[in-house]
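Throughout, protein chains are lettered first and strands after them, A, B, ... in sequence-line order, and every chain is numbered starting at 1.
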Amino acid sequence: MPELPEVETMRRGIAGIVGSRVVDCGPVKCLRKPILISPAAATFRKRAIGTTVAAVERLGKRVVLRLDSADSIVIEPRMTGLVLVTDPPSEEHLRFHFRLQGGSIPEFWYWDRRGLGSVRLFQPKEFATTFGPEKLGPDALVLSAKELRERLQSSRREIKVALLDQRVVTGIGNLYASEILHLAQIHPQRRCDQLQTRHWQAIHAAMLEVLEEAIRYEGSTLGDGTYRNALNEAGGYQNHHRVYARAGEVCRSCARGAIERIVQAQRSTFFCPRCQRPQRKPALGRSR
DNA sequence: CCCCAGTCCTGCGGGC
DNA sequence: TGCCCGCAGGACTGGG
C-alpha cells in the first residue's frame, strides 16, 4: 500500500526523466476494466506529447510530473499501483505507458494490479483547486510539531484515525500510523483533545524518524509482495516494522508485551499494550 | 464538525 | 481438490 516512503521511492526511481521530452504516452491495452485516466487518451496525448518534464515531485501519496507546458501529470497509486522503468511483475496489469527522449530513462510504465489508482493530467487552475490546501494538508516531512498540534488539539477523534486524514497531514497511511504511534509510545485510541504538548512533540519526532527510516529502506513490501520500487525490487522496511502485521508477536521495544490488533474506522491498528498505555481515566470516587 | 457504511478492485488464504 | 467468502485499505461519497 504505497504511503509516503513508497511513493517517495517511486519518485526517486523516475527522477531521471527530468529534462526528457515526452515523445509518446497513453493507456496500455488491458483486458481488465481500465483505470481512471483523465482527460480521455486523445486529449491527454495531445497535451503531453512534445512537452519536457521540468520536475518530478511527490504530493502526499501521489507522484507529480511537472511539464514545461505548466500542466501536471498526477499518478495516484492507491493500493497496488507501481511506477516501473523495467520488467513489470505481470504484463496483464500494465495500465499506462510513457516514452521519453533525451535522458537516461527511455520509457516507464504505470502498473496496477487492482486498478484503483489513476493517471490524470491537470491544467494549472484545475490542479490548484483539486489539490488546494483545504483538500490536502502539509506534507508529513514538512509539518512542524506545533502545526500538527494546532491542527488536531481540539479534535475529539482518536489520534490514529486523525493521522490518516489527508486534510490534516499528507502521506501517512494505515501502516505508518501504527508504526509512528508505537515509536511515540502513544495509544492509538487516545483522543486528540486530551494529548499534551509533549505528546504532540513525541508524535512529530516519531513521524519524521519512521518515515525517514522507511525511505532509507525503500519502503515496505508486505506479504502479498505487491509494492516494488521502479526497478521491480522489494523494499526492506517490513523487516523493521515495530508493530504492523505483528499481532501476537513480542514487542521489540519492551520485549515483554504481545502486539495486539484492533479495528479503528474499519482498518487494522497494531500496538503494544505495555509501551502504549491508554488514556488515564479520571479517578472514580474520592481519594482518602 | 465528525462518524459510519458503502464503493471501487483483485488476489490470497481459511474453512468446509 | 475446489469453491465460496472475507479480508486487505486509499480516497471518496452520501446520509446521519
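- Rounded to whole Å, atom P of C/dC12 lies 11 Å from atom CG of A/D165.
- Taking the side chain of A/R62 as heavy atoms from C-beta on, and the options C/dG9, C/dA11, B/dG11, the nearest nucleotide is C/dA11.
- Nearer the 5' end of DNA chain B, as judged by each residue's closest nucleotide, is the contact made by A/E158, out of A/E158 and A/R267.
- Within the 4.0 Å cut-off from OP1 or OP2 of B/dC9, not a single side-chain nitrogen or oxygen of A/R95 is found.
- Rounded to whole Å, atom C1' of B/dG11 lies 12 Å from atom CG of A/L116.
- Atom CG in A/L222 sits about 9 Å away from atom P in C/dG9, given to the nearest Å.
- Between A/L175 atom CG and C/dG10 atom P there is a gap of 9 Å when expressed in whole angstrom units.
- The separation between A/N174 atom CG and C/dC7 atom C1' is 13 Å, rounded to whole Å.
- The side chain of A/R157 has B/dC2 as its nearest neighbour among B/dG11, C/dG9, B/dC2.
- A close approach under 4.0 Å does occur between a side-chain nitrogen or oxygen of A/K33 and OP1 or OP2 of B/dC9.
- Cation-pi check for A/R120 over A/F127 is not met; the charged atom does not lie both under 6.0 angstrom from the ring centroid and within 45 degrees of its normal.
- Side chain of A/E107 to backbone of A/I105: no donor-acceptor contact under 3.5 angstrom is found.
- Two residues, A/R261 and A/Q166, neighbour DNA chain C, and the one matched to the more 5' nucleotide by heavy-atom proximity is A/R261.
- When rounded to the nearest whole Å, the span between CZ of A/R78 and C1' of C/dG9 equals 11 Å.
- Contact annotation: side chain of A/Q266 to base of B/dA5, donor-acceptor pair present below 3.5 Å.
- Donor-acceptor pairing under 3.5 Å is lacking for the side chains of A/Q189 and A/Q264.
- Distances shown here put every side-chain N or O of A/S155 at or beyond 4.0 Å from the OP1 or OP2 atom of B/dC1.
- Among C/dG9, B/dT10, C/dA11, the nucleotide with an atom closest to any side-chain atom of A/R32 is B/dT10.
- DNA chain C is contacted by both A/F270 and A/R120; A/F270 maps to the nucleotide lying nearer its 5′ end (nearest heavy atom per residue).
- If you check every strand for non-hydrogen atoms under 4.0 Å, A/S268 touches sugar and phosphate atoms only.
- Under the 3.5 Å distance criterion, with hydrogens and angles disregarded, a donor-acceptor pair is assigned to the side chains of A/S220 and A/H241.
- Using cut-offs of 30° and 60° on the angle between ring planes, the pair A/Y217 and A/Y237 is tilted.
- The nearest whole Å value for the distance from the CE atom in A/M10 to the P atom in C/dG10 is 13 Å.
- In this structure, A/H93 does not reach the B/dC9 phosphate: none of its side-chain N or O atoms is under 4.0 Å from OP1 or OP2.
- When heavy atoms are screened at a 4.0 angstrom cut-off, A/Y244 is found touching the sugar-phosphate backbone but no base atom.
- Per the geometry, CG belonging to A/L94 stands 16 Å off C1' belonging to B/dT10, to the nearest Å.
- Residue A/Y227 has no polar side-chain atom (N or O) positioned under 4.0 Å from OP1 or OP2 of C/dA8.
- The shortest distance between side-chain heavy atoms of A/I35 and A/Y110 falls below 4.5 Å.
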